[in-house]
Amino acid sequence: MIRQVLDGALKESNLSVNDLDGFLALPSLAEHHIMEAHFQATSLGLFTRKASSDAKRLGQPSLLCRTIDTGGGGPVSALLQAQSMIQHEGLNCVAVVAADSVGSMDSRTFLQRVDNIFGDESGIPSPIIPNGYDRYTQYQMQRYGLTRDQLRMVVCLQSFHASRHKESLLYQTALELQPSQQTEHMKRDTPKPFTALDSIQQAPSVAPNISLLECAYRADGAGCIILTSESFLNERLRTSLEMEQVKKKAVTILGSGESSGPLVPPAKEQIGGFPFGSDAAMTQAYRQAGSLKATNIDFFALYDCFPICLIRALEATGICSQGDGGNYIEAQYSKLMNAVDSGTEEELIQDPTFFPVNTHGGLLCYGAPWEVPAMYNIIEACQQLNENAVGRQIDDCKRALVYGNGGIFSSSAVAILGKAT
Ligand code: MLC
């Protein structure tokens with residue numbers, strides 16, 4: 001998968017492996033290697049290829065490899081690391097790759113590996129990740145009156161978006177295997193997968209406030225991003241006409257923020273005292289992007305391994321105020337149901353007030369290959385900015401915010417993206 005996505009990204013950028021002077025990779029759960037980036041670069045033959053003439057001229061090592069491990073925040077952290085390598089270490093062209101195949105893992109092995117990361121001393125029952133997020137869910141329910149149905153509505157909204165993306169796992173699985181998950185409304189013309197509230201209510205429970213359909217949807221998958229310096233692109237533009245098309249599609253980082261928290265969630269009674277990493281990372285990113293705020297962002301790609309993660313992220317972005325995430329979701333869900341009842345779903349996506357979040361379906365419905373999903377967030381943001389999100393395009397999308405979250409709210413990485421030209 002890594003070779004496939006690297007080749008695909010290079011081709012789309014009109015570049016070759018010989019142009020790369022940086023290579024960043026994220027660890028995989030299914031096939032763990034120490035020094036993942038070095039392992040992958042060796043397997044891909046990157047150390048035996050020809051170094052670029054720029055690297056030679058500048059006397060740089062032909063390839064600088066780094067493995068980034070901030071869990072689900074990894075793709076965004078790696079994007080920011082690539083930016084720093086370009087800005088401060090003189091690199092020109094860095095590839096970020098992530099791949100995993102947790103969808104093909106048998107459930108027992110998956111759960112054992114995941115639970116081992118946190119350990120028995122976490123005091124959280126297995127499955128540790130859903131139960132860990134449940135602790136935060138309970139806090140939000142008690143502190144702010146978030147309701148059980150509002151959490152389920154997150155999945156309904158995400159599934160609506162996923163139903164418009166043919167590569168989403170929900171779309172592919174539902175069409176082939178699970179017609180019962182489609183509502184009568186959605187089946188009318190071409191069948192479209194949509195997870196109705198009652199099917200989530202009936203889904204088996206995984207943790208006290210999380211059902212199976214409210215869990216990150218385990219999948220196999222991979223992604224790759226290529227980040228270059230502007231001077232490298234301009235240089236290429238002089239020698240290659242095709243680069244003009246590439247440059248037109250280029251996206252730039254306007255601002256970013258990162259933050260860390262404990263690996264294991266604090267006890268329930270202490271949660272309120274812990275600042276949320278996503279709040280700090282968002283604030284930093286908005287400030288760095290020139291004091292932007294939520295109203296200046298057209299599209300949000302927010303981590304949503306469980307509904308609570310998305311709800312906290314909505315509040316951290318400022319789309320709604322703190323504690324109001326559940327009500328915001330309910331209002332968006334009502335809008336969706338009204339459109340479904342009146343057969344106006346097609347117009348809904350053009351409505352600038354309708355849920356401009358995760359138009360690919362997020363971890364809950366597009367698919368969640370362990371540390372890869374925030375890569376999908378970045379890719380969907382690029383699709384939106386380039387007006388390539390066919391069937392789900394947000395009008396006049398000029399700025400996008402991407403957020404990745406690792407562990408159980410243990411790492412937060414945010415980038416605000418905009419068109420480069
Ligand atoms: C699972 N299924 C879904 C689904 N999740 N269907 C629709 N939407 C979803 N979101 C389907 C599966 O494809 C499968 O279908 C069936 O439900 C049973 O799922 P399973 O996974 O095979 O079941 P089981 O072995 O019982 O395990 C259930 C589980 C596990 C909830 C314990 O799925 C799980 O741990 N999920 C969470 C994954 C997770 O924690 N990811 C990391 C998030 S934290 P079929 O047709 O095959 O029967 C994060 C941060 C970080 O992202 O740093 O990593």
Side-chain angles (χ1 to χ4, degrees), residues 26-30 68-77 98 100 102-115 117-118 124-134 136 151-152 154-156 158-159 162-163 168-182 193-196 199-200 202-207 210-221 260-261 263-265 277-278 302-310 312-313 358 361-377 403-413:
L26 277 57
S28 134
L29 191 77
I68 306 292
D69 186 4
T70 54
V76 183
S77 296
D100 217 320
V102 292
S104 306
M105 274 173 97
D106 72 85
S107 298
R108 215 166 135 252
T109 314
F110 172 78
L111 280 180
Q112 265 172 0
R113 285 195 195 168
V114 171
D115 285 355
I117 295 171
F118 297 90
I124 301 172
S126 177
I128 290 182
I129 295 191
N131 277 298
Y133 278 97
D134 196 83
Y136 285 98
L151 291 157
R152 296 183 179 110
V154 168
V155 181
C156 300
Q158 299 284 78
S159 75
S163 76
S168 75
L169 194 53
L170 187 84
Y171 190 100
Q172 293 179 0
T173 314
L175 278 194
E176 287 161 22
L177 301 173
Q178 299 172 4
S180 60
Q181 280 198 345
Q182 301 159 18
F194 168 72
T195 314
S199 56
I200 309 168
Q202 287 152 23
S205 173
V206 171
I210 297 174
S211 71
L212 184 64
L213 296 180
E214 295 164 277
C215 290
Y217 200 170
R218 278 202 289 145
D220 295 354
S260 306
L263 183 64
V264 175
S278 50
L302 305 178
Y303 210 80
D304 61 323
C305 44
F306 300 93
I308 186 64
C309 186
L310 187 86
R312 290 296 321 206
N358 296 351
L363 279 80
L364 291 166
C365 297
Y366 184 85
W370 196 234
E371 298 198 5
V372 180
M375 188 74 94
Y376 297 153
N377 286 3
Y403 159 57
N405 152 60
I408 305 175
F409 288 126
S410 318
S411 84
S412 297

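We count ligands from 1, going down the list as the structure has it; atoms in each ligand are counted the same way. What you see below is based on every heavy atom in this structure, not just the backbone, and it leaves out hydrogens, waters and symmetry mates. Bear in mind that the values here come from a model prediction, so they are computed numbers and not experimental data.
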Inset, instruction - Please identify which atoms of ligand 1 are closer than 4.0 Å to at least one heavy atom of Ser107. - result: 22 (O), 24 (P), 25 (O)
Legend entry - Distance-only donor-acceptor check, side chains Ser104 and Asp220, under 3.5 Å: yes
Inset, instruction - Measure Cys215 to ligand 1 on non-hydrogen atoms and call it side chain, backbone, both or neither using the 4.0 Å cut-off. - result: both
Legend entry - Heavy-atom side-chain proximity of Val154 to Phe306 below 4.5 angstrom: no
Inset, instruction - With heavy atoms under 4.0 Å as the rule, classify the contact between Leu364 and ligand 1 as side chain, backbone, both or neither. - result: backbone
Inset, instruction - Among Leu263, Ile124, Asn131, find the residue that satisfies the side chain to side chain contact (heavy atoms under 4.5 Å, CB included) test when tested with Phe118. - result: Leu263
Inset, instruction - Evaluate the side-chain proximity of Tyr403 to Ser278: yes if any heavy-atom separation is below 4.5 Å, no if none is. - result: yes
Inset, instruction - May I ask whether Gly407 has any heavy atom positioned less than 4.0 angstrom from an atom of ligand 1? - result: yes
Legend entry - Nitrogen or oxygen of Tyr133 less than 3.5 angstrom from that of ligand 1: no
Inset, instruction - Using heavy-atom distances, let me know which of Phe409, Tyr366, Tyr303 sits nearest atom 49 (C) of ligand 1. - result: Tyr303
Legend entry - Where ligand 1 meets Val206 - atom numbers and elements under 4.0 angstrom, heavy-atom basis: 31 (C)
Legend entry - Interfacing atoms of ligand 1 (cut-off 4.0 Å, heavy-atom, Gly71): 53 (O)
Inset, instruction - Examine Arg218 relative to Phe110 and say whether NZ or CZ is less than 6.0 Å from the centre of the six-membered ring and inside a 45° cone about the ring axis. - result: yes
Legend entry - Pair Tyr217 and Tyr366, ring centroids less than 6.0 Å apart: no
Inset, instruction - For Gly406, counting its heavy atoms only, list the atoms of ligand 1 lying under 4.0 Å from any of them. - result: 53 (O)
Legend entry - Contact check: Leu170 vs ligand 1, nitrogen or oxygen atoms, below 3.5 angstrom: no
Inset, instruction - Go through ligand 1 atom by atom and flag the ones less than 4.0 Å from a non-hydrogen atom of Asn405. - result: 50 (C)
Legend entry - Pair Glu214-Ser211, side-chain donor/acceptor within less than 3.5 Å: yes
Inset, instruction - Give a yes or no on whether the backbone of Ile128 and the side-chain of Asp115 come within a donor-acceptor separation of less than 3.5 Å. - result: yes
Inset, instruction - State the atoms of ligand 1, each with its element, that fall below the 4.0 Å cut-off from a heavy-atom position in Leu212. - result: 1 (C), 4 (C), 5 (N), 10 (N), 16 (C), 17 (O), 18 (C), 19 (O), 28 (C), 31 (C)
Inset, instruction - Please identify which atoms of ligand 1 are closer than 4.0 Å to at least one heavy atom of Leu213. - result: 6 (N), 7 (C), 8 (N), 10 (N)
Legend entry - Selected option - heavy-atom contact closest to atom 21 (O) of ligand 1, from Arg108, Glu214, Arg218: Arg218
Inset, instruction - With the side chain counted from C-beta on, respond yes when Asp304 and Asn358 share a heavy-atom pair under 4.5 Å apart, and no when they do not. - result: yes
